[in-house]
Amino acid sequence: LGDLFANAQENERLAVRTHQLTLALMRQDSAADTLRAMAASLAEDFARDLVRIVSFRPVDGLDADWLQVVAEDSPRLAGFRDILAEGEPICGRLHPDKNALLYGVRAEEVQSSAWLVLPGVGLVAVGSRDANRFYPGMGTLFLRLMSEALVAALARYDE
């Protein structure tokens, strides 16, 4: 019973943080500010070690170390085709080549990751130094909600 109660409390905390993130995304006035809000929230509110965003197209007014612009059809994303096609959040460990693409010089620090697919927009990678933080089979509901909120917030700036 204690475990169920602890799990319910953690889910409530995640629901509140996800709601706050959604509101923060909707308050932004540009795609650049929206991505900044997402990266900041994941790093601060969700206490993740590394956050990386891959955008399929350039974002006006944004140059950050956590952002990469890679065309959707780029050969650099060949190893991510299955993840992008699936469209669902995934958790676990990445092959070192994929880690290198996402996390660059800090790739060796990342022991597990969560990936949020942003259909037609890009990919968000959240890395942890803890090998057991993100694992295959863990629940991805809140990750899905975050990715849907980000895609909806960014859609306001499509031309």
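Please read these numbers as outputs of a predicted model, since none were measured by experiment.
The heavy-atom pair separating V110 from G127 by the smallest distance is CG1-CA, 4.0 Å. Smallest separation of non-hydrogen atoms from A39 and I53: CB-CD1, 4.4 Å. The heavy-atom pair separating S30 from D33 by the smallest distance is OG-N, 3.0 Å. Scanning all heavy atoms of the two residues, the minimum distance from R36 to G61 falls at NH2-O, 2.7 Å. Closest non-hydrogen pair, T140 versus C91, comes out as CG2-SG, 4.1 Å. Taking every heavy atom of both residues into account, D60 and A32 meet most closely at O-CB, 3.4 Å.
In this structure a side-chain-to-backbone donor-acceptor pair under 3.5 Å is missing from S147 to L116. In this structure a side-chain-to-backbone donor-acceptor pair under 3.5 Å is present from K98 to G79.
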Exercise. How far apart are the C-alpha atoms of D158 and R57, what are their side-chain angles, what is the distance that settles it, and do they pass the salt bridge (Lys or Arg N to Asp or Glu O under 4.0 Å) test?
Worked result: CA-CA 11 Å; D158 285 340; R57 58 182 175 237; 2.6 Å; yes

For this session: Could you walk me through whether M38 and L25 pass the side chain to side chain contact (heavy atoms under 4.5 Å, CB included) test, one step at a time?
Result: CA-CA 7 Å; M38 181 69 166; L25 295 175; 4.0 Å; yes

Exercise. Between T34 and R156, does a side chain to side chain contact (heavy atoms under 4.5 Å, CB included) hold up when you go through it step by step?
Worked result: CA-CA 10 Å; T34 301; R156 298 178 299 163; 4.0 Å; yes

For this session: Could you walk me through whether W66 and L50 pass the side chain to side chain contact (heavy atoms under 4.5 Å, CB included) test, one step at a time?
Result: CA-CA 8 Å; W66 45 262; L50 289 170; over 6 Å; no

For this session: Check the pair R17 / E12 against side chain to side chain contact (heavy atoms under 4.5 Å, CB included), numbers first and verdict last.
Result: CA-CA 9 Å; R17 286 185 191 145; E12 183 176 351; over 6 Å; no

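Side-chain contact between W115 and L102: present, with at least one pair of heavy atoms (C-beta onward) separated by less than 4.5 Å. By the 4.5 Å heavy-atom criterion applied to side chains, E86 and R81 are not counted as neighbours. Within the 4.5 Å cutoff, side-chain heavy atoms of F134 are placed close to those of S128. I90 has its side chain out of reach of P136: every pair of non-hydrogen atoms, C-beta onward, lies at least 4.5 Å apart. With contacts defined as side-chain heavy-atom distances shorter than 4.5 Å, the pair L23/Q20 does not qualify. Looking at F142 and N11, their side chains come closer than 4.5 Å, going by heavy atoms from C-beta outward.
In E10, the CD atom is crowded: over 12 heavy atoms of neighbouring residues, nucleotides or ligands sit closer than 6.0 Å. Summarising the local packing, CG of D63 is surrounded by 12 or fewer heavy atoms from other residues, nucleotides or ligands at distances under 6.0 Å. Surrounding CD of Q9 are more than 12 heavy atoms belonging to other residues, nucleotides or ligands, all under 6.0 Å away. R144 CZ: more than 12 foreign heavy atoms inside a 6.0 Å radius.
A side-chain donor-acceptor contact under 3.5 Å links Q68 and R76.
Criterion: ILVMFWY side-chain heavy atoms under 4.5 Å apart, direct or through other members. Under it, V16 and L14 are not part of a common hydrophobic cluster. Under the 4.5 Å side-chain heavy-atom criterion for Ile, Leu, Val, Met, Phe, Trp and Tyr, I83 and L101 are members of the same hydrophobic cluster. In the hydrophobic clustering of ILVMFWY residues, with side-chain heavy atoms under 4.5 Å counting as a link, L94 and V124 come out apart. Under the 4.5 Å side-chain contact rule for hydrophobic residues, F56 and L154 do not share a cluster. Under a hydrophobic clustering in which Ile, Leu, Val, Met, Phe, Trp and Tyr are joined whenever their side-chain heavy atoms come within less than 4.5 Å, directly or via other members, L35 and M26 fall into different clusters.
From Q111, atom CD reaches atom CG of N99 across 8.0 Å, with rounding to the nearest 0.5 Å. Atom CZ of R129 and atom CD of E109 lie 4.5 Å apart (nearest 0.5 Å). In this structure, L42 CG and R52 CZ are separated by 12.0 Å, a value rounded to the nearest 0.5 Å. The line from CG of L123 to CG of L77 is 8.0 Å long, rounded to the nearest 0.5 Å.
Exactly one of L118, V54, V117 qualifies for a side-chain contact (heavy atoms from CB on, under 4.5 Å) with L84. That residue is V117.
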